[in-house]
Amino acid sequence: MRRIHGLTLLVLTGAVLLAPPLRAIPLDASSKKGVVVSTSSLASEIGASVLRRGGNAVDAAVATAFALAVVHPEAGNLGGGGFMIIAGTGSDPVAIDYREMAPKKATEDMFVGEDGSIERSRIRRGALAAGVPGTVRGLALAHRLHGTLPWKDLVEPAARLATDGFILTEDLASSLEEALKGALGGFPSSRKAYGKPTGTAWQTGDRIILADLGKSLAAIAKDGPAAFYEGWIADRIVATMEAHGGLIGKDDLRGYEARVREPLRGSYRGHEILSMPPPSSGGVALLEILGLVEPLELRKESPDSPRTLHLLTEAMRVAFVDRARHLGDPDFVDVPVAKLLAAERLRSESAKIPADRARSSASLGRDLLAPPDEGDETTHFSVIDAQGLAVANTYTLEAGWGGSLVVEGAGFLLNNEMGDFNRKPGHTDRKGNIGTTPNVIAPGKRMLSSMTPTIVRKDGKVVLVTGSPGGRTIINTVVRVVLGALEFDLGGRAAVDAPRIHHQWLPDRLQVEEGRFSEATLAALRALGHRVLEKDEQGDAHTIMVDPKSGVATGIADRRRSDDAGVATGE
Ligand code: DON
(Lines give C-alpha, C1' and ligand atoms only; values in the text may rest on other atoms or scores of the structure.)
Protein backbone atom coordinates (compact mmCIF):
# COMPACT_ATOMS: atom_id res chain seq x y z
CA MET A 1 0.00 0.00 0.00
CA ARG A 2 1.30 3.47 -0.82
CA ARG A 3 0.40 6.74 0.77
CA ILE A 4 0.90 10.21 -0.55
CA HIS A 5 1.46 12.87 2.08
CA GLY A 6 -0.30 16.22 2.24
CA LEU A 7 2.14 18.07 0.02
CA THR A 8 0.86 16.19 -2.99
CA LEU A 9 -2.51 17.84 -2.61
CA LEU A 10 -0.82 21.20 -2.88
CA VAL A 11 0.80 20.31 -6.16
CA LEU A 12 -2.45 19.05 -7.58
CA THR A 13 -4.18 22.29 -6.68
CA GLY A 14 -1.32 24.31 -8.11
CA ALA A 15 -0.28 25.92 -4.82
CA VAL A 16 3.28 26.50 -3.63
CA LEU A 17 5.41 23.42 -3.15
CA LEU A 18 7.50 23.37 -0.01
CA ALA A 19 10.80 21.67 0.75
CA PRO A 20 11.60 18.81 1.00
CA PRO A 21 11.07 17.49 -2.53
CA LEU A 22 7.84 15.63 -3.02
CA ARG A 23 7.95 11.85 -2.82
CA ALA A 24 5.31 9.23 -2.41
CA ILE A 25 5.77 7.64 1.00
CA PRO A 26 4.95 3.96 1.41
CA LEU A 27 4.03 2.18 4.63
CA ASP A 28 6.59 -0.53 3.89
CA ALA A 29 9.74 -0.11 1.83
CA SER A 30 12.98 -2.01 1.38
CA SER A 31 16.42 -0.77 0.44
CA LYS A 32 20.11 -1.51 0.76
CA LYS A 33 20.78 2.20 0.95
CA GLY A 34 19.12 2.83 4.28
CA VAL A 35 15.64 3.37 5.67
CA VAL A 36 13.89 5.84 7.96
CA VAL A 37 10.51 4.96 9.46
CA SER A 38 8.55 7.34 11.66
CA THR A 39 5.05 8.51 12.46
CA SER A 40 5.33 11.31 9.88
CA SER A 41 6.08 10.76 6.21
CA LEU A 42 7.50 14.26 6.00
CA ALA A 43 9.94 13.62 8.86
CA SER A 44 10.93 10.22 7.39
CA GLU A 45 11.61 11.94 4.09
CA ILE A 46 13.80 14.60 5.71
CA GLY A 47 15.80 11.82 7.40
CA ALA A 48 16.13 9.83 4.18
CA SER A 49 17.26 12.91 2.25
CA VAL A 50 20.17 13.10 4.73
CA LEU A 51 21.05 9.47 3.88
CA ARG A 52 20.98 10.35 0.18
CA ARG A 53 23.37 13.24 0.82
CA GLY A 54 25.85 10.76 2.30
CA GLY A 55 24.93 11.17 5.96
CA ASN A 56 24.84 8.13 8.23
CA ALA A 57 22.02 6.81 10.43
CA VAL A 58 22.84 9.19 13.28
CA ASP A 59 22.82 12.22 10.98
CA ALA A 60 19.46 11.04 9.64
CA ALA A 61 18.12 10.44 13.14
CA VAL A 62 19.07 13.96 14.25
CA ALA A 63 17.34 15.49 11.22
CA THR A 64 14.27 13.27 11.71
CA ALA A 65 13.99 14.17 15.39
CA PHE A 66 14.14 17.92 14.70
CA ALA A 67 11.60 17.53 11.88
CA LEU A 68 9.23 15.63 14.18
CA ALA A 69 9.44 18.54 16.63
CA VAL A 70 7.73 20.57 13.89
CA VAL A 71 5.33 18.17 12.16
CA HIS A 72 4.40 15.96 15.13
CA PRO A 73 4.04 18.51 17.92
CA GLU A 74 2.06 16.16 20.18
CA ALA A 75 5.26 14.26 20.94
CA GLY A 76 8.14 15.33 18.69
CA ASN A 77 9.91 17.97 20.68
CA LEU A 78 12.59 20.40 21.73
CA GLY A 79 11.13 20.75 25.23
CA GLY A 80 11.10 17.07 26.21
CA GLY A 81 13.53 14.20 26.41
CA GLY A 82 14.17 10.61 25.45
CA PHE A 83 16.55 7.78 24.77
CA MET A 84 18.53 6.58 21.79
CA ILE A 85 20.35 3.33 21.05
CA ILE A 86 22.99 3.39 18.33
CA ALA A 87 24.49 0.15 17.05
CA GLY A 88 26.09 -1.13 13.90
CA THR A 89 28.12 -4.05 12.68
CA GLY A 90 31.23 -4.46 14.73
CA SER A 91 30.90 -1.09 16.48
CA ASP A 92 30.43 -0.74 20.22
CA PRO A 93 26.78 0.08 20.80
CA VAL A 94 25.93 3.27 22.66
CA ALA A 95 22.90 4.29 24.71
CA ILE A 96 22.17 7.99 24.98
CA ASP A 97 20.14 9.15 27.96
CA TYR A 98 18.59 12.53 27.35
CA ARG A 99 15.80 12.10 29.86
CA GLU A 100 14.53 15.26 31.55
CA MET A 101 15.61 15.88 35.14
CA ALA A 102 13.99 17.50 38.14
CA PRO A 103 14.98 21.14 38.63
CA LYS A 104 17.18 22.09 41.61
CA LYS A 105 14.23 23.63 43.44
CA ALA A 106 12.11 20.47 43.15
CA THR A 107 11.05 18.82 46.39
CA GLU A 108 9.81 15.33 46.97
CA ASP A 109 6.32 16.45 47.97
CA MET A 110 5.89 19.30 45.49
CA PHE A 111 2.71 17.79 44.08
CA VAL A 112 1.11 17.10 47.48
CA GLY A 113 -1.49 19.68 48.52
CA GLU A 114 -2.00 21.06 52.03
CA ASP A 115 -4.76 18.54 52.64
CA GLY A 116 -2.42 15.71 51.73
CA SER A 117 -4.02 14.96 48.37
CA ILE A 118 -2.07 14.68 45.12
CA GLU A 119 -2.56 17.75 42.92
CA ARG A 120 -3.12 16.07 39.59
CA SER A 121 -3.86 19.17 37.56
CA ARG A 122 -0.42 20.59 38.40
CA ILE A 123 1.18 17.35 37.20
CA ARG A 124 -0.79 17.30 33.99
CA ARG A 125 -0.18 20.80 32.65
CA GLY A 126 1.72 24.02 33.12
CA ALA A 127 5.17 25.05 34.23
CA LEU A 128 5.54 23.05 37.44
CA ALA A 129 5.04 19.78 35.54
CA ALA A 130 8.10 20.39 33.37
CA GLY A 131 11.42 18.65 33.88
CA VAL A 132 14.60 20.25 32.50
CA PRO A 133 14.46 19.40 28.77
CA GLY A 134 17.07 16.99 27.39
CA THR A 135 16.33 16.63 23.68
CA VAL A 136 18.63 19.27 22.20
CA ARG A 137 21.69 18.19 24.22
CA GLY A 138 20.83 14.53 23.54
CA LEU A 139 20.75 14.98 19.79
CA ALA A 140 23.92 17.05 19.94
CA LEU A 141 25.67 14.31 21.91
CA ALA A 142 24.62 11.67 19.36
CA HIS A 143 25.91 13.91 16.62
CA ARG A 144 29.22 14.57 18.38
CA LEU A 145 29.81 10.84 18.88
CA HIS A 146 28.74 9.51 15.50
CA GLY A 147 27.59 12.29 13.17
CA THR A 148 29.39 12.96 9.90
CA LEU A 149 27.53 15.88 8.28
CA PRO A 150 27.61 19.43 9.67
CA TRP A 151 25.10 19.96 12.51
CA LYS A 152 23.48 22.94 10.87
CA ASP A 153 22.63 20.92 7.76
CA LEU A 154 20.65 18.55 9.97
CA VAL A 155 18.67 21.19 11.88
CA GLU A 156 17.99 23.62 9.05
CA PRO A 157 15.42 21.48 7.20
CA ALA A 158 13.26 21.51 10.33
CA ALA A 159 13.76 25.26 10.75
CA ARG A 160 12.61 25.81 7.16
CA LEU A 161 9.61 23.56 7.64
CA ALA A 162 8.51 25.58 10.68
CA THR A 163 9.15 28.95 9.05
CA ASP A 164 7.63 28.17 5.65
CA GLY A 165 4.86 26.05 7.11
CA PHE A 166 3.54 22.63 6.24
CA ILE A 167 0.21 21.06 5.38
CA LEU A 168 -1.98 19.60 8.12
CA THR A 169 -2.93 15.95 7.85
CA GLU A 170 -6.37 14.93 9.02
CA ASP A 171 -4.98 13.52 12.26
CA LEU A 172 -2.99 16.63 13.11
CA ALA A 173 -5.83 19.02 12.24
CA SER A 174 -8.20 17.19 14.57
CA SER A 175 -5.58 16.72 17.29
CA LEU A 176 -4.83 20.46 17.19
CA GLU A 177 -8.50 21.37 17.43
CA GLU A 178 -9.04 19.05 20.35
CA ALA A 179 -5.95 20.39 22.15
CA LEU A 180 -6.94 24.00 21.54
CA LYS A 181 -10.38 23.35 23.02
CA GLY A 182 -8.62 21.87 26.06
CA ALA A 183 -5.46 22.70 28.00
CA LEU A 184 -3.42 24.00 25.05
CA GLY A 185 -6.03 26.68 24.43
CA GLY A 186 -5.77 27.78 28.06
CA PHE A 187 -2.31 29.33 27.70
CA PRO A 188 -2.03 32.55 25.62
CA SER A 189 1.46 31.61 24.35
CA SER A 190 0.19 28.20 23.23
CA ARG A 191 -2.85 29.73 21.49
CA LYS A 192 -0.54 32.19 19.75
CA ALA A 193 1.78 29.43 18.54
CA TYR A 194 -0.81 26.83 17.53
CA GLY A 195 -4.12 28.69 17.06
CA LYS A 196 -5.28 29.39 13.51
CA PRO A 197 -4.51 33.09 12.84
CA THR A 198 -8.02 33.67 11.45
CA GLY A 199 -9.50 32.40 14.72
CA THR A 200 -11.42 29.65 12.92
CA ALA A 201 -10.95 25.90 13.23
CA TRP A 202 -8.00 24.12 11.61
CA GLN A 203 -8.95 21.94 8.64
CA THR A 204 -7.16 19.11 6.87
CA GLY A 205 -5.02 20.64 4.10
CA ASP A 206 -4.49 24.00 5.87
CA ARG A 207 -0.94 25.28 6.00
CA ILE A 208 0.38 25.96 9.51
CA ILE A 209 3.35 28.26 10.08
CA LEU A 210 5.28 27.99 13.35
CA ALA A 211 7.34 31.18 13.18
CA ASP A 212 8.80 31.26 16.71
CA LEU A 213 9.67 27.57 16.55
CA GLY A 214 11.42 28.32 13.26
CA LYS A 215 13.47 31.03 15.02
CA SER A 216 14.44 28.66 17.81
CA LEU A 217 15.47 25.97 15.35
CA ALA A 218 17.45 28.46 13.28
CA ALA A 219 19.31 29.54 16.43
CA ILE A 220 20.02 25.91 17.36
CA ALA A 221 21.21 25.23 13.80
CA LYS A 222 23.60 28.18 13.97
CA ASP A 223 24.84 28.11 17.57
CA GLY A 224 24.26 24.51 18.63
CA PRO A 225 22.75 23.48 21.96
CA ALA A 226 24.23 26.54 23.71
CA ALA A 227 21.49 28.60 22.04
CA PHE A 228 18.93 26.53 23.89
CA TYR A 229 20.64 25.99 27.24
CA GLU A 230 22.48 29.32 27.66
CA GLY A 231 21.32 31.81 25.03
CA TRP A 232 18.09 33.67 24.42
CA ILE A 233 16.01 30.49 24.36
CA ALA A 234 17.14 29.72 27.92
CA ASP A 235 16.07 33.25 28.92
CA ARG A 236 12.66 32.58 27.40
CA ILE A 237 12.25 29.29 29.23
CA VAL A 238 13.13 30.94 32.55
CA ALA A 239 10.77 33.87 31.87
CA THR A 240 7.98 31.36 31.15
CA MET A 241 8.78 29.57 34.41
CA GLU A 242 8.61 32.84 36.34
CA ALA A 243 5.32 33.83 34.73
CA HIS A 244 3.66 30.48 35.41
CA GLY A 245 5.09 29.33 38.74
CA GLY A 246 7.62 26.82 37.38
CA LEU A 247 10.94 25.86 38.93
CA ILE A 248 13.45 25.57 36.08
CA GLY A 249 16.23 28.17 36.50
CA LYS A 250 19.18 29.22 34.36
CA ASP A 251 21.56 27.03 36.32
CA ASP A 252 19.32 23.99 35.71
CA LEU A 253 19.50 24.59 31.97
CA ARG A 254 23.22 25.34 31.90
CA GLY A 255 23.94 22.29 34.04
CA TYR A 256 21.84 19.78 32.07
CA GLU A 257 23.89 16.97 30.55
CA ALA A 258 22.92 14.19 28.19
CA ARG A 259 24.65 10.98 29.28
CA VAL A 260 26.34 8.16 27.44
CA ARG A 261 25.30 4.91 29.08
CA GLU A 262 26.22 1.31 28.49
CA PRO A 263 23.28 -0.32 26.65
CA LEU A 264 21.74 -3.29 28.39
CA ARG A 265 22.67 -6.49 26.62
CA GLY A 266 20.73 -9.72 26.66
CA SER A 267 20.19 -12.65 24.38
CA TYR A 268 17.25 -14.48 22.88
CA ARG A 269 17.55 -17.58 20.73
CA GLY A 270 21.06 -16.71 19.60
CA HIS A 271 20.30 -13.02 19.00
CA GLU A 272 21.87 -10.14 20.90
CA ILE A 273 19.30 -7.71 22.32
CA LEU A 274 20.47 -4.13 22.97
CA SER A 275 18.14 -1.87 24.90
CA MET A 276 17.89 1.07 27.27
CA PRO A 277 19.22 0.84 30.84
CA PRO A 278 17.85 2.92 33.76
CA PRO A 279 16.60 5.62 34.13
CA SER A 280 14.34 3.79 31.72
CA SER A 281 12.76 0.62 33.00
CA GLY A 282 12.27 -0.47 29.39
CA GLY A 283 15.40 -2.52 28.80
CA VAL A 284 15.35 -4.28 32.19
CA ALA A 285 11.69 -5.24 31.84
CA LEU A 286 12.11 -6.32 28.20
CA LEU A 287 15.06 -8.58 29.05
CA GLU A 288 13.27 -9.97 32.10
CA ILE A 289 10.17 -10.87 30.10
CA LEU A 290 12.22 -12.43 27.28
CA GLY A 291 14.32 -14.35 29.80
CA LEU A 292 11.21 -15.65 31.55
CA VAL A 293 9.48 -16.88 28.40
CA GLU A 294 12.48 -18.25 26.48
CA PRO A 295 12.48 -21.61 28.33
CA LEU A 296 8.70 -21.94 27.86
CA GLU A 297 8.91 -22.56 24.12
CA LEU A 298 6.06 -20.26 23.18
CA ARG A 299 6.38 -21.36 19.57
CA LYS A 300 4.73 -24.68 20.49
CA GLU A 301 1.53 -22.76 19.82
CA SER A 302 0.59 -19.71 17.74
CA PRO A 303 1.47 -16.15 18.84
CA ASP A 304 -2.19 -15.52 19.71
CA SER A 305 -3.12 -18.79 21.41
CA PRO A 306 -4.42 -18.69 25.00
CA ARG A 307 -1.29 -20.55 26.18
CA THR A 308 1.06 -18.02 24.59
CA LEU A 309 -0.91 -15.06 25.89
CA HIS A 310 -1.24 -16.50 29.39
CA LEU A 311 2.46 -17.29 29.82
CA LEU A 312 3.43 -13.92 28.43
CA THR A 313 1.04 -12.17 30.81
CA GLU A 314 2.53 -13.95 33.80
CA ALA A 315 6.02 -12.91 32.69
CA MET A 316 4.84 -9.30 32.35
CA ARG A 317 3.39 -9.45 35.85
CA VAL A 318 6.78 -10.41 37.33
CA ALA A 319 8.71 -7.75 35.41
CA PHE A 320 6.31 -5.00 36.45
CA VAL A 321 6.47 -5.88 40.16
CA ASP A 322 10.25 -5.60 39.92
CA ARG A 323 9.91 -2.31 38.08
CA ALA A 324 7.81 -0.81 40.87
CA ARG A 325 10.04 -2.20 43.58
CA HIS A 326 13.51 -1.46 42.28
CA LEU A 327 13.77 0.93 39.36
CA GLY A 328 14.72 4.61 39.39
CA ASP A 329 17.55 6.92 38.34
CA PRO A 330 20.79 4.94 38.83
CA ASP A 331 22.61 8.16 39.77
CA PHE A 332 20.40 8.32 42.87
CA VAL A 333 19.42 4.76 43.74
CA ASP A 334 21.12 1.44 43.56
CA VAL A 335 19.24 -0.50 40.86
CA PRO A 336 20.09 -4.23 41.09
CA VAL A 337 20.08 -4.76 37.33
CA ALA A 338 22.47 -7.72 37.29
CA LYS A 339 20.54 -9.48 40.05
CA LEU A 340 17.20 -8.95 38.32
CA LEU A 341 18.52 -10.29 35.02
CA ALA A 342 20.65 -13.15 36.38
CA ALA A 343 20.05 -16.24 34.24
CA GLU A 344 19.52 -18.48 37.25
CA ARG A 345 16.91 -16.18 38.77
CA LEU A 346 15.01 -15.90 35.49
CA ARG A 347 15.04 -19.66 35.05
CA SER A 348 13.68 -20.25 38.53
CA GLU A 349 11.01 -17.51 38.19
CA SER A 350 10.06 -18.97 34.82
CA ALA A 351 9.59 -22.41 36.38
CA LYS A 352 7.20 -20.88 38.93
CA ILE A 353 4.77 -19.70 36.25
CA PRO A 354 1.70 -21.96 36.45
CA ALA A 355 0.49 -23.31 33.12
CA ASP A 356 -3.12 -23.57 34.20
CA ARG A 357 -4.05 -20.42 36.09
CA ALA A 358 -3.48 -16.70 36.40
CA ARG A 359 -1.64 -15.61 39.54
CA SER A 360 -2.89 -12.68 41.57
CA SER A 361 -0.84 -9.51 41.37
CA ALA A 362 -1.31 -8.83 45.07
CA SER A 363 0.28 -12.17 45.91
CA LEU A 364 3.42 -11.17 44.00
CA GLY A 365 3.86 -7.75 45.61
CA ARG A 366 1.51 -7.27 48.49
CA ASP A 367 3.63 -4.45 49.90
CA LEU A 368 3.42 -2.33 46.75
CA LEU A 369 0.49 -0.78 44.94
CA ALA A 370 -0.56 0.43 41.52
CA PRO A 371 1.40 3.13 39.72
CA PRO A 372 -0.35 6.29 38.53
CA ASP A 373 -1.85 6.94 35.10
CA GLU A 374 0.29 8.13 32.22
CA GLY A 375 -0.56 10.02 29.09
CA ASP A 376 -0.31 8.28 25.79
CA GLU A 377 1.80 10.41 23.50
CA THR A 378 5.39 9.70 22.74
CA THR A 379 6.96 8.84 19.43
CA HIS A 380 9.47 6.29 18.23
CA PHE A 381 11.40 6.18 14.99
CA SER A 382 13.95 3.77 13.54
CA VAL A 383 16.79 4.43 11.11
CA ILE A 384 19.40 2.30 9.36
CA ASP A 385 21.99 3.36 6.83
CA ALA A 386 23.72 1.58 3.95
CA GLN A 387 26.56 0.48 6.25
CA GLY A 388 24.19 -1.17 8.70
CA LEU A 389 24.52 1.47 11.44
CA ALA A 390 21.15 1.71 13.17
CA VAL A 391 19.40 4.15 15.49
CA ALA A 392 16.38 3.38 17.67
CA ASN A 393 15.04 6.61 19.15
CA THR A 394 12.06 7.15 21.43
CA TYR A 395 11.36 10.63 22.77
CA THR A 396 8.45 12.36 24.41
CA LEU A 397 6.78 15.28 26.09
CA GLU A 398 5.02 12.67 28.33
CA ALA A 399 1.33 13.45 27.64
CA GLY A 400 0.16 14.47 24.17
CA TRP A 401 1.15 18.14 23.80
CA GLY A 402 3.17 17.74 27.04
CA GLY A 403 2.15 20.26 29.68
CA SER A 404 0.34 22.31 26.95
CA LEU A 405 2.53 25.34 27.74
CA VAL A 406 4.46 26.91 24.86
CA VAL A 407 7.57 28.93 25.78
CA GLU A 408 6.60 32.49 24.89
CA GLY A 409 8.63 33.77 21.95
CA ALA A 410 10.44 30.47 21.41
CA GLY A 411 7.48 28.53 20.06
CA PHE A 412 7.95 25.08 21.56
CA LEU A 413 6.02 23.04 24.12
CA LEU A 414 7.37 22.03 27.49
CA ASN A 415 7.05 18.49 28.80
CA ASN A 416 5.01 17.36 31.81
CA GLU A 417 7.46 14.62 32.68
CA MET A 418 7.61 15.39 36.45
CA GLY A 419 4.49 13.20 36.68
CA ASP A 420 6.62 10.14 35.91
CA PHE A 421 8.09 10.42 39.41
CA ASN A 422 6.23 8.84 42.32
CA ARG A 423 4.11 11.71 43.52
CA LYS A 424 3.64 11.24 47.26
CA PRO A 425 6.60 9.76 49.13
CA GLY A 426 5.80 6.95 51.49
CA HIS A 427 2.15 6.86 50.48
CA THR A 428 0.81 3.84 48.70
CA ASP A 429 -2.87 3.18 48.34
CA ARG A 430 -5.24 0.82 46.63
CA LYS A 431 -6.33 3.51 44.21
CA GLY A 432 -3.05 3.23 42.41
CA ASN A 433 -0.59 5.72 43.86
CA ILE A 434 2.83 4.52 44.91
CA GLY A 435 5.39 6.26 47.02
CA THR A 436 8.27 3.81 47.00
CA THR A 437 11.72 5.34 47.34
CA PRO A 438 13.56 4.56 44.10
CA ASN A 439 11.46 6.93 41.99
CA VAL A 440 10.69 9.73 44.47
CA ILE A 441 11.47 13.31 43.30
CA ALA A 442 14.90 14.77 44.11
CA PRO A 443 16.72 17.78 42.62
CA GLY A 444 18.70 16.76 39.55
CA LYS A 445 17.17 13.29 39.44
CA ARG A 446 15.74 11.73 36.26
CA MET A 447 12.23 10.31 36.46
CA LEU A 448 11.71 6.62 35.69
CA SER A 449 10.66 5.89 32.13
CA SER A 450 9.30 2.92 30.20
CA MET A 451 10.72 3.92 26.83
CA THR A 452 12.39 0.93 25.19
CA PRO A 453 14.32 1.77 22.03
CA THR A 454 15.80 -1.59 21.03
CA ILE A 455 18.22 -2.99 18.47
CA VAL A 456 18.69 -6.74 17.85
CA ARG A 457 21.85 -8.12 16.29
CA LYS A 458 22.66 -11.59 14.98
CA ASP A 459 26.28 -12.53 14.50
CA GLY A 460 27.15 -8.87 15.03
CA LYS A 461 24.79 -7.57 12.33
CA VAL A 462 21.69 -5.51 12.99
CA VAL A 463 18.53 -7.48 12.16
CA LEU A 464 15.78 -5.56 13.98
CA VAL A 465 15.28 -1.95 15.12
CA THR A 466 12.17 -1.13 17.13
CA GLY A 467 10.47 0.79 19.94
CA SER A 468 7.09 2.41 20.64
CA PRO A 469 5.12 5.04 22.51
CA GLY A 470 2.47 4.11 25.06
CA GLY A 471 3.68 4.68 28.64
CA ARG A 472 4.13 1.36 30.38
CA THR A 473 2.53 -0.49 27.47
CA ILE A 474 5.72 0.38 25.53
CA ILE A 475 7.59 -2.48 27.16
CA ASN A 476 4.96 -5.05 26.23
CA THR A 477 4.58 -3.71 22.71
CA VAL A 478 8.32 -4.16 22.17
CA VAL A 479 8.11 -7.65 23.70
CA ARG A 480 5.44 -8.61 21.15
CA VAL A 481 7.42 -7.25 18.19
CA VAL A 482 10.66 -8.94 19.31
CA LEU A 483 8.90 -12.26 19.98
CA GLY A 484 7.00 -12.01 16.69
CA ALA A 485 10.31 -11.77 14.89
CA LEU A 486 12.57 -14.04 16.95
CA GLU A 487 10.25 -16.64 18.48
CA PHE A 488 7.52 -16.99 15.87
CA ASP A 489 9.49 -16.10 12.74
CA LEU A 490 6.75 -13.78 11.54
CA GLY A 491 7.84 -11.40 8.84
CA GLY A 492 8.30 -7.75 9.83
CA ARG A 493 4.81 -6.64 8.78
CA ALA A 494 3.13 -9.51 10.64
CA ALA A 495 5.27 -8.91 13.76
CA VAL A 496 4.22 -5.23 13.80
CA ASP A 497 0.57 -5.94 13.02
CA ALA A 498 0.21 -8.82 15.51
CA PRO A 499 -2.39 -8.00 18.17
CA ARG A 500 -0.86 -6.68 21.40
CA ILE A 501 -1.47 -7.33 25.06
CA HIS A 502 -0.47 -5.54 28.25
CA HIS A 503 -0.24 -6.47 31.92
CA GLN A 504 1.53 -4.12 34.31
CA TRP A 505 1.09 -6.00 37.58
CA LEU A 506 -1.44 -3.52 38.98
CA PRO A 507 -4.22 -2.91 38.28
CA ASP A 508 -4.50 -6.67 38.05
CA ARG A 509 -5.96 -6.94 34.58
CA LEU A 510 -4.92 -8.04 31.14
CA GLN A 511 -5.44 -5.39 28.47
CA VAL A 512 -5.87 -6.70 24.95
CA GLU A 513 -6.37 -4.81 21.72
CA GLU A 514 -10.07 -4.59 21.05
CA GLY A 515 -11.49 -6.81 18.34
CA ARG A 516 -8.16 -8.50 17.62
CA PHE A 517 -8.61 -11.78 19.52
CA SER A 518 -11.36 -14.35 19.06
CA GLU A 519 -14.13 -14.70 21.64
CA ALA A 520 -12.91 -18.26 22.25
CA THR A 521 -9.40 -17.00 23.11
CA LEU A 522 -10.74 -14.35 25.47
CA ALA A 523 -13.01 -16.92 27.12
CA ALA A 524 -10.04 -19.29 27.58
CA LEU A 525 -8.00 -16.52 29.21
CA ARG A 526 -10.88 -15.66 31.54
CA ALA A 527 -11.20 -19.33 32.44
CA LEU A 528 -7.54 -19.28 33.52
CA GLY A 529 -8.41 -16.44 35.89
CA HIS A 530 -7.30 -13.37 33.94
CA ARG A 531 -9.42 -10.22 34.18
CA VAL A 532 -9.46 -9.34 30.51
CA LEU A 533 -10.13 -5.79 29.40
CA GLU A 534 -10.46 -4.89 25.74
CA LYS A 535 -8.82 -1.53 25.05
CA ASP A 536 -7.90 0.66 22.09
CA GLU A 537 -4.93 0.02 19.88
CA GLN A 538 -1.65 -0.31 21.74
CA GLY A 539 1.54 1.49 20.74
CA ASP A 540 2.99 2.62 17.43
CA ALA A 541 6.09 0.58 16.69
CA HIS A 542 7.89 1.92 13.63
CA THR A 543 10.25 -0.93 12.98
CA ILE A 544 13.05 -2.00 10.64
CA MET A 545 13.91 -5.61 9.83
CA VAL A 546 17.05 -6.52 7.95
CA ASP A 547 17.68 -9.68 5.97
CA PRO A 548 21.18 -10.54 7.18
CA LYS A 549 22.01 -12.44 3.97
CA SER A 550 21.10 -9.79 1.40
CA GLY A 551 21.57 -6.77 3.68
CA VAL A 552 18.20 -5.44 2.49
CA ALA A 553 16.47 -3.40 5.20
CA THR A 554 12.68 -3.15 5.28
CA GLY A 555 10.98 -0.31 7.10
CA ILE A 556 7.56 -1.17 8.50
CA ALA A 557 5.41 1.78 9.50
CA ASP A 558 2.88 0.97 12.22
CA ARG A 559 -0.63 1.94 11.14
CA ARG A 560 -2.10 2.22 14.60
CA ARG A 561 -1.77 5.92 15.43
CA SER A 562 -1.11 8.14 12.45
CA ASP A 563 -2.67 8.61 9.04
CA ASP A 564 0.70 9.85 7.89
CA ALA A 565 3.20 7.24 9.13
CA GLY A 566 5.66 6.28 6.43
CA VAL A 567 8.96 4.81 5.34
CA ALA A 568 11.50 6.69 3.22
CA THR A 569 14.63 5.12 1.79
CA GLY A 570 18.13 6.26 0.90
CA GLU A 571 17.60 5.25 -2.75
O1 DON B 1 8.87 7.93 29.85
C2 DON B 1 7.82 7.31 29.85
O3 DON B 1 7.75 6.11 30.00
C4 DON B 1 6.52 8.07 29.61
N5 DON B 1 6.68 9.46 29.90
C6 DON B 1 6.15 7.86 28.18
C7 DON B 1 4.83 8.46 27.90
C8 DON B 1 4.27 7.87 26.69
O9 DON B 1 4.75 6.93 26.11
C10 DON B 1 3.05 8.45 26.25
N11 DON B 1 2.78 7.84 24.97
N12 DON B 1 2.26 7.47 24.14
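Please read these numbers as outputs of a predicted model, since none were measured by experiment. Read the numbers this way: they start at 1 and go in the same order the structure lists the ligands and their atoms.
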Query raised in the report: So which bit of Glu417 gets within less than 4.0 Å of ligand 1, heavy atoms only: side chain, backbone, both or neither?
Result: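 Side chain only.
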Requested in this report: For ligand 1, note which part of Asp420 has a heavy atom under 4.0 Å away: side chain, backbone, both or neither.
Outcome: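 Only the side chain of Asp420 comes within reach of ligand 1.
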Query raised in the report: Taking both backbone and side-chain atoms of Gly470, is any N or O found less than 3.5 Å from an N or O belonging to ligand 1?
Result: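 There is such a contact, yes.
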Query raised in the report: Any N or O of Thr396 that comes nearer than 3.5 Å to an N or O of ligand 1?
Result: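 Between Thr396 and ligand 1, no N or O pair is found under 3.5 Å apart.
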**Report entry** Cation-pi, Tyr229 ring and Arg137 (6.0 angstrom, 45 degrees)
**Finding:** yes
Requested in this report: Begin from the C-alpha positions of Phe320 and His502 and carry the test ring pair (Phe, Tyr, Trp, His ring centres under 6.0 Å) through to its verdict.
Outcome: CA-CA 11 Å; Phe320 276 84; His502 174 68; 5.8 Å; yes
Report task. Would you mind running through ligand 1 and noting each atom that sits below 4.0 Å from a heavy atom of Ile474? Result ->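 Numbered from 1, ligand 1 contributes 9 (O).
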Query raised in the report: Just which atoms of ligand 1 are under 4.0 Å from any heavy atom in Thr378?
Result: 6 (C), 7 (C), 8 (C), 9 (O), 10 (C), 11 (N), 12 (N)
Query raised in the report: Can you find a non-hydrogen atom of Arg99 under 4.0 Å from ligand 1?
Result: yes
Query raised in the report: Looking at ligand 1, does Arg561 have a heavy atom less than 4.0 Å from it?
Result: yes
Query raised in the report: Quick one: CD1 on Ile441 to CE on Met110, what's the gap to the nearest 0.5 Å?
Result: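 Between atom CD1 of Ile441 and atom CE of Met110 there are 5.0 Å.
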Report task. Just go through Gly81, Gly471, Ser468, Ser450 and tell me whose heavy atom is the nearest to atom 3 (O) of ligand 1. Result ->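 Shortest heavy-atom distance from atom 3 (O) of ligand 1: Ser450.
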